Each structure stands twice: as structure tokens, then as C-alpha cells.
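Since we're looking at a predicted model, the values are computed, not measured.
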Amino acid sequence: QEQLVESGGGLVQPGGSLRLSCVVSGRRSSTIRMGWFRQAPGEEREFVALITWNLGTPQYADSVKGRFIISRDNAKNTVYLQMNSLKPEDTAVYYCAPSKRLSLTTSPTDFGPWGQGTQVTVSS
């Protein structure tokens, strides 16, 4: 079973940047896509971005499009999320997870297993 370890979160001022990392151990060859999600207190987990391990166009939630960039390093089994121009509403625990589906989906129920997440707090 795949195991995910997220890191790179922290406290940053509005307008700042952070780079999150997600290391995947036990990566399955059948996993096509990796996604980043976030969950704020009292809120549902929501889609942020996804990328394929091979060719394909990354997908982004409208709320982060133009500010966040997802990338991957296949040799390191690592997926990154570069977050720029951060806003207070980006504050959440960020998770990465592999998609369990062959088809493109952004529903959190179609992803897993989940790592422990990394906290991102955007505040002055």
C-alpha cells in the first residue's frame, strides 16, 4: 500500500510563498494521478490540484489557478505544490493522495490513502 508523507507547511504572511512536498513510498504502477487537497477547520476536504505521473495537463481548482503550481519528480516519487501569492483563505491542512480511479476525478472520495497532512497558515 502506498504511504504518503507531506511536508513544507508553515506560517507565512499574505502574499508569501511556500513549497509543499509529498513523498510516496510503495508507489503503485497502476496509480495514474496524484492530487493535492486541503481542509480548513469545519470545512469539507477540497480539491486543490492534480498531476499525472506521466504525460498530461495538470488540473487546478479555480481558487488557486494562476497562483499554485503542481509538479512531480518521478525518480524521487515526490509531488510538489508551489504556492505563491498566498491568501488567508488558503489556510488549511494540505494533503496529497493517489487517485484510485483510471478516469479523471477531483472528488476526495476517489483518492487515498491519505498522509498526515501539513498545516499551512497564512496570516499577518
Side-chain angles (χ1 to χ4, degrees):
Q1 168 146 318
E2 290 160 305
Q3 293 184 315
L4 303 307
V5 178
E6 303 95 336
S7 62
L11 173 64
V12 63
Q13 293 186 339
S17 298
L18 282 174
R19 188 193 195 203
L20 307 183
S21 298
C22 170
V23 179
V24 183
S25 58
R27 177 186 157 193
R28 299 175 62 180
S29 58
S30 58
T31 297
I32 297 174
R33 300 177 185 85
M34 292 291 299
W36 280 101
F37 294 78
R38 66 187 182 188
Q39 188 166 16
E43 301 289 332
E44 298 285 324
R45 191 166 297 187
E46 66 173 5
F47 166 74
V48 175
L50 66 80
I51 193 167
T52 62
W53 282 115
N54 296 302
L55 297 176
T57 302
Q59 304 290 321
Y60 297 95
D62 288 342
S63 58
V64 307
K65 202 171 291 183
R67 300 188 297 123
F68 291 11
I69 301 172
I70 188 171
S71 62
R72 45 137 171 90
D73 185 329
N74 290 39
K76 296 181 179 179
N77 288 330
T78 302
V79 180
Y80 304 98
L81 186 67
Q82 177 67 42
M83 306 187 297
N84 303 317
S85 302
L86 282 162
K87 305 175 181 179
E89 50 263 44
D90 294 318
T91 295
V93 178
Y94 283 71
Y95 301 87
C96 69
S99 175
K100 295 182 285 187
R101 304 283 181 256
L102 295 178
S103 57
L104 178 63
T105 173
T106 60
S107 171
T109 59
D110 292 329
F111 286 77
W114 299 90
Q116 83 289 344
T118 185
Q119 175 71 49
V120 172
T121 303
V122 185
S123 174
S124 55

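The backbone N or O of Pro58 sits nowhere less than 3.5 Å from a side-chain atom of Arg33 that would complete a donor-acceptor pair. For the pair Tyr80 (side chain) and Asp73 (backbone), a donor-acceptor distance under 3.5 Å is absent. The backbone N or O of Val24 sits nowhere less than 3.5 Å from a side-chain atom of Glu2 that would complete a donor-acceptor pair. Using modelled atom types, no side-chain atom of Asn74 and backbone atom of Asn54 make a donor-acceptor pair closer than 3.5 Å.
Checked against a 6.0 Å centroid threshold, the rings of Phe37 and Trp114 count as neighbours.
Apart from Leu102 itself, the hydrophobic cluster it occupies contains Ile32, where clustering links Ile, Leu, Val, Met, Phe, Trp and Tyr at side-chain heavy-atom distances under 4.5 Å.
In this view, Arg38 and Glu46, Asp90 satisfy the salt bridge (charged side-chain N to carboxylate O under 4.0 Å, His left out) rule, not counting sequence neighbours. Listed by chain and residue number, Arg45, Tyr95 satisfy the side chain to side chain contact (heavy atoms under 4.5 Å, CB included) test with Gln39 (two or more places apart in sequence, or in another chain). Remark: Asp110 engages Arg101 in a salt bridge (charged side-chain N to carboxylate O under 4.0 Å, His left out) (not counting sequence neighbours). Thr109 meets the side chain to side chain donor-acceptor pair (under 3.5 Å) test with Ser107; sequence neighbours excluded.
Between Lys100 atom NZ and Thr31 atom OG1 the span is 11.0 Å, to the nearest 0.5 Å. To the nearest 0.5 angstrom, Ser21 atom OG is 9.5 Å from Gln82 atom CD. In this structure, the separation between CG on Leu20 and CH2 on Trp36 is 4.5 Å, given to the nearest 0.5 Å.
Contact record, Ala49 with Leu81: CB-CD1, 4.2 Å, taken as the closest heavy-atom pair. In this structure, Ser124 and Pro14 approach most closely via the heavy-atom pair N-CD, 3.7 Å. Gly112 and Ala97 get closest at one heavy-atom pair: N-CB, 3.9 Å.
When hydrophobic clusters are built by joining Ile, Leu, Val, Met, Phe, Trp and Tyr residues whose side-chain heavy atoms come closer than 4.5 Å, directly or via intermediates, Trp53 is grouped together with Leu4. By the rule that hydrophobic residues join a cluster once side-chain heavy atoms approach within less than 4.5 Å of another member, Val12 and Tyr94 end up as members of one cluster. Leu50 and Val48 are members of different hydrophobic clusters when ILVMFWY side chains are connected at heavy-atom separations under 4.5 Å. Side-chain heavy atoms closer than 4.5 Å link hydrophobic residues (I, L, V, M, F, W, Y) into clusters, and following such links, possibly through other members, connects Met83 to Ile69. Ile51 and Val23 end up in different hydrophobic clusters when Ile, Leu, Val, Met, Phe, Trp and Tyr side chains are linked at under 4.5 Å.
Within the structure, side chain to side chain donor-acceptor pair (under 3.5 Å) pairs that include any residue of residues 3-20 comprise Ser17-Asn84 (at least two apart or interchain).
A 4.5 Å side-chain heavy-atom check between Leu18 and Phe68 finds every atom pair outside the cut-off. When side chains are defined from C-beta on, Arg28 does not count as touching Pro98, because their heavy atoms never get closer than 4.5 Å.
With a 6.0 Å radius and a threshold of 12 heavy atoms from other residues, nucleotides or ligands, Glu44 has its CD atom at or below the threshold.
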Check your understanding: When you look at Thr91 and Ser123, which way does the side-chain contact (heavy atoms from CB on, under 4.5 Å) test go after all the steps?
Key -> CA-CA 8 Å; Thr91 295; Ser123 174; 5.9 Å; no
